[in-house]
Amino acid sequence: MTGNLGVHRFRAVSDCTALIAAFFGDKKEDKVRLRLKYRKPTTFPCNAGSRFSFTALVWTLVGLLLVFHLVSICHKDNIHHGEIQSRTSGFLRRPIYHELEVIEEVKNINIPPPRGKRSSRAPKRKHHKRFSPIIEEFLDEDSQLRHVFFPNRKNSIDPIGMTGNDSSYYFPGRVWLDTDGNPIQAHGGGILHDEGSETYYWYGEYKEGPTYRAHKKGAARVDIIGVGCYSSKDLWTWKNEGIVLAAEELNATHDLHKSNVLERPKVVHNEKTGKYVMWMHIDDANYTKASAGVAVSDRPTGPFQYLGSKRPHGCDSRDMTVFKDDDGSAYIVYSSENNSVLHMGPLTENYLDVEDVMKRVLIGQHREAPALFKYRGTYYMITSGCTGWAPNEALAHAAESVMGPWETLGNPCVGANKVFRQTTFFAQSTFVFPIPGHPGLFIFMADRWNPSNLRDSRYVWLPLIVAGPPDQPLEFGFGFPLWSRVSIYWHRKWRLPSGWSTLR
Ligand code: DGJ
């Protein structure tokens with residue numbers, strides 16, 4: 001449902017229609033015209049004696065403006081259409097985009113009968129009735145539907161062992177093995193494309209060991225192990241580069257002590273200093289420290305040296321990301337004010353600290369898991385709602401500047417079925433990055449959390465396509481900017497266009 005753009009268009013068009021109706025005559029206007037007919041003509045003082053009506057002139061000007069405006073919209077749409085067509089009909093492009101944009105439906109999931117009617121041997125649900133029945137099923141480790149959300153290990157994506165038809169295909173939700181045959185451990189992660197080595201690095205939370213609650217009412221957690229790093233040339237085959245920032249085993253006062261929380265690490269390369277800088281969410285087991293930590297390394301594969309944590313701009317900071325712009329400036333984005341507002345602010349030139357500048361955006365909207373990206377001069381962001389480890393509906397947002405104002409476009413999820421779309425395909429955003437040589441094509445990375453066994457959380461990677469009119473507000477906008485469409489297409493299996501990596 002990429003509908004918001006549609007809504008904007010509709011509103012702009014319906015406003016135009018209303019004005020046209022007003023100008024060319026609905027009933028009200030007929031009365032006005034009748035009144036005008038029997039009214040003494042108003043003449044311009046500068047042109048005494050002219051029989052030209054002043055009101056008619058004003059209406060004529062408004063009309064011309066309107067016609068000009070409509071023509072310019074159509075012109076823009078035509079240009080855009082041409083642009084997309086030439087873009088997609090170019091070498092190897094059209095079929096590729098088509099394949100990714102196919103709307104793939106999933107049959108509605110039948111929820112097993114309520115517990116009362118289930119077999120007496122069926123295990124009792126552990127969750128409170130806070131969520132919809134399907135999310136209750138998702139959270140229930142004993143659910144009969146478990147395999148739908150967490151396919152069995154025998155269905156793993158194994159880039160080394162897999163040959164034939166499934167080679168190079170992403171299967172959202174399946175266990176994904178590294179080149180050693182072990183499940184990839186890089187949750188809440190992000191991708192760094194290292195231009196020097198033409199290598200992709202995937203950093204994320206290395207979740208191992210048992211899932212437990214520090215307190216009866218605390219969130220499910222695992223001890224910190226550290227930040228895992230994997231490298232790849234093809235974005236499908238990942239080599240484990242080890243733990244590049246490790247937990248602290250002994251010093252209980254250290255931020256990285258295993259009893260604390262380290263989430264959503266993101267790495268950016270600073271061209272001026274040559275350093276690789278990692279930012280991450282640092283917290284205590286109760287999520288009250290609410291800070292952002294920073295670490296630095298000379299190499300993408302670490303080891304990263306931990307420099308410490310702070311509350312950026314003096315504010316609580318939980319889910320976060322960093323975004324590096326084309327001009328080399330970088331920004332931190334974090335959920336603040338008890339997750340009710342997103343804060344955005346530039347990092348210092350060396351990326352090791354935050355500048356004393358901050359904008360509050362999406363105020364009161366309770367969004368987290370921000371993933372920012374840019375396309376043709378416009379900034380886009382995907383966020384989730386705040387429901388702990390349970391999935392919820394994603395929203396896409398757009399802005400002309402990182403610092404806002406940000407406008408919400410709507411739910412970007414397309415295909416599958418309603419419940420999949422309303423739960424971000426049972427996952428939560430973490431990062432979005434572009435596919436070189438394919439304008440408007442991105443990979444949307446999300447986590448399908450498994451709160452009863454966090455280390456067995458899965459990855460949901462899907463194609464995200466930005467397509468639509470140029471990202472400029474209308475010249476005479478009527479206050480309704482036209483943003484491009486942001487769509488995340490569900491696919492049970494999909495792959496990148498062949499040869500994409502040679503198109504850099
Ligand atoms: C949702 C966040 O997005 C995750 O990173 C994690 O902090 C969980 N909440 C904890 O419940």
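Note that ligands are numbered from 1 as they come in the structure, with each ligand's atoms numbered from 1 the same way. Along the sequence shown, residues are numbered consecutively beginning with 1. This one's a predicted model, so the numbers in the text were calculated from it and none came from an experiment.
Relative orientation of the F426 and F420 rings is perpendicular, given thresholds of 30° and 60° on the angle between their planes.
Close placement of the Y459 and W202 rings is indicated, their centers lying within 6.0 Å of each other.
For S156, the side chain to side chain donor-acceptor pair (under 3.5 Å) criterion is met by no residue, not counting sequence neighbours. Residues passing the side-chain contact (heavy atoms from CB on, under 4.5 Å) test with L307 are V294, V296, Q305, L352, sequence neighbours excluded.
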Please table the atom pairs, donor to acceptor, closer than 3.5 Å between any side-chain atom in residues 353-363 and protein atoms at least two apart or in another chain.
{"unit_1": "D353", "atom_1": "OD1", "unit_2": "K310", "atom_2": "NZ", "d": "2.8"}
{"unit_1": "R360", "atom_1": "NE", "unit_2": "E337", "atom_2": "OE2", "d": "2.8"}
{"unit_1": "R360", "atom_1": "NH2", "unit_2": "E337", "atom_2": "OE1", "d": "2.9"}

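For ligand 1, the 4.0 Å heavy-atom shell contains residues E263, R264, Y287, D319, E368, G388, W389, Q428.
Between R221 and E263, no side-chain nitrogen of the basic residue sits less than 4.0 Å from a carboxylate oxygen of the acidic one, so the salt-bridge criterion is not met.
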